[in-house]
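Chain letters run A, B, ... following the sequence lines, proteins first and then strands; every chain starts at 1. Everything quoted here is computed from the prediction, not taken from an experiment.
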Amino acid sequence: MRATELYAPTLRESPAEAELISHKLMFRAGFIRKAAGGIYSYLPLGWRTMKKIMQIIREEMDAKGGQEIMMPITQPAEMWKESGRWAVYGDEMMRLKDRHGREFALGPTHEEMITTLIRDEVRSYKQLPLMLYQIQNKYRDEIRPRFGLMRSREFVMKDLYSFDKDVEGMNISYQKMYDAYSRIFERCGLKFRAVEADNGAIGGGHSHEFTVLAPSGESSIAYCEKCNFAASDEKAELKIIQTAPEELKPLEKVQTPACHTIEKVKNFLKVPIEKTIKAVAFMDDAERLILAFVRGDHEVNEIKVINSVEGANHLYMAGDKLIEKAGTVAGFMSPIGISNAIIVVDQSVMLMTNAVAGANEIDAHFINVTPKRDFDAEKIIISDIRMVQEGDPCPHCGEKLKMTRGIEVGQVFTLGKKYSEALHATFLDEDGTTKPFEMGCYGIGVGRTMAAAIEQNNDADGIIWNRAIAPFEVVVVPVNAKDDKQLAFAEEIYNELQKSGVDVLLDDRKERAGVKFKDCDLIGYPLRVTISPKTLESGKIEVKVRRSGEFLNFERENCVKSILELLETL
RNA sequence: CGGGGCAUAGCGCAGUUCGGUAGCGCACCUCGCUUGGGACGAGGGGGUCGCAGGUUCAAAUCCUGUUGCUCCGACCA
């Protein structure tokens, strides 16, 4: 490919709306252009990288027995109504009607489509397991699209669905995909973690998110450096914190004027924060008051609260009125002597002794609270409801956990029979009984992976591509393309590299050297071969490594071999 | 959905307060000169000032409505 024939409009400035580095750089380097909020065109360079990522995905999916298919974007409403998600999905689903008034959705995902696709054809356990995947545009009408390809409304996604005859088979498929995902992101050269995730409403089974580590990421994860543990902050399970045994003192009520925050209580009573019990008041959809109690230095994890209270789907902050009705008062709440509320107590709180908790009246607290003795165990829910914090012990090995931020680029999870039952997709098993499929679903955001790679690999000059997903591996730059000698020599090198299978670009534009160098750095080709009067004279060629910035000089005769060797290290 | 901001040439912006018929930098075209890190000079092309009404002799500028974009929050891949 010649730069004079390549459509790669680079810009010195980026639009005001781009705030994320990956967004700015993809825009400036001529990878993407915006059509509407959260909707983008991919220009040649961007699409080359997308195709390379997709190719890696294909190879790894195929290696595990996946078969590629292509399903429609436009999906009839009937199948969504059948699964019950037409109503559930809400405004996030792009909907449309055809000329006859029939309803359709632009697919946000393809569980319904694939399940109805195979349900009439796959009738026997002998046809299982089955793994089908596609790489397709998906649509989610985000409330607020932003960050370029990171959170868009139309995006390219690979999704594979597995069908097995039983749970064991499903777990094998899951493990295959887990392994494939690890290989995919390794091959893309990304630093990532497979993170234990909450699979929320889908329920049951397991789920991992593949998260690329980057400070700009939207999700927060906890991980252990000693063992393999990593979990999203919402999911991270926590061990019970043992407290040193103490002689139990009798419960006592004391006055604590104007001490409605833990900070004030702790200072007023001169107790360490670990000896205080904090309350957070929530309300659920049914307007039930839910009081959550954690240690003073801990935070409440709302997801865990939802999971531990039966029937709760969403939590909102509770109003004062509701709190009053329960016979307590904000700032001075405790489970002692309360009735009209659902009380959820963190497991670590139950092991505390001689602690401080509210007295359910203004300006008063209990001291010497020992939950095991003083809480009515019949009325409370004891559960792990706290948010993980840096330094918490790892639930697997006990080492101190670290926290980091990341970009979720893929997720694997088991669906079980959820969709096969809802859509009546069954097969006949060996024993002659009819059973619904055990399904799994595995997604990768292709555009997001490209964006994440840039977030993780860039500098002040531009993008730094890993060789595997760079739009071109090598760029050959004659500093002055108007000089026939230089151009001819550059073409020689270019042809030789191309013959050796290198994905190479010849920058034959008649621009000044500075302009071309700036573009090379911005676009981020891993290697730049520079041809100049200097190199013509010395008989050597100069190679610049984008990532390290180092310059290498190779002998003309075996320069292709040297470049190939160098590429192996990138 | 709550609260801000913006909309003027492909991109980044000024002009709006105080109405007088649109400008700057980058990009683009031509010529000259230059060629190892986004040169320079000269000339040039390109804008229904988001859209629709209204006020006025006159509207980018004032008024009303509307659409789009964007930031923070709530929500989420």
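Taking atom P in both A74(B) and G3(B), the straight-line distance is 16 Å, to the nearest Å. Atom name C1', nucleotides G15(B) and G53(B): the rounded distance is 25 Å, in whole Å. Comparing G20(B) with C1(B), their P atoms sit 38 Å apart, to the nearest whole Å. Look at the C1' atom in both G36(B) and A42(B): the space between them is 28 Å, to the nearest Å. Comparing G4(B) with U61(B), their C1' atoms are spaced 23 Å from each other, to the whole Å. Nucleotides G19(B) and C40(B), compared at atom C1', are 41 Å apart to the nearest Å. Taking atom C1' on both U34(B) and G46(B), the two are 28 Å apart, rounded to the nearest angstrom.
F27(A) comes within 4.0 angstrom of no nucleic acid atom, judged by non-hydrogen atoms across all strands. In this structure, E408(A) reaches the sugar-phosphate backbone alone: every heavy-atom distance under 4.0 Å involves primed, P, OP1 or OP2 atoms, never a base.
Aromatic pair Y174(A)/F413(A): ring centres not closer than 6.0 Å.
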## Note on the structure
Per-nucleotide protein contact along nucleotides 33-40 of chain B, 5' to 3', at a 4.0 Å heavy-atom cut-off (B base, S sugar-phosphate only, - neither), is -BBBBBB-

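One can place NZ of K138(A) at 16 Å from C1' of C76(B), the figure rounded to the nearest angstrom.
In this structure, R48(A) forms a cation-pi arrangement with F472(A), its terminal cationic atom sitting closer than 6.0 Å to the ring centre and no more than 45° off the ring axis. Taking the ring axis of F27(A) as reference, the NZ or CZ atom of R33(A) stays within 45° of it and closer than 6.0 Å to the ring centre.
Using the six-membered ring where Trp is involved, Y42(A) and W47(A) have ring planes that are tilted, between 30° and 60° apart.
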### Message
Between Y442(A) and S162(A), does the side-chain hydrogen bond (donor to acceptor under 3.5 Å, both in side chains) criterion hold? Intermediate values first, please.
### Response
CA-CA 8 Å; Y442(A) 318 85; S162(A) 66; 2.9 Å; yes

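Scanning atom types as modelled, no donor and acceptor separated by under 3.5 angstrom connect the side chain of R140(A) and the base of C76(B).
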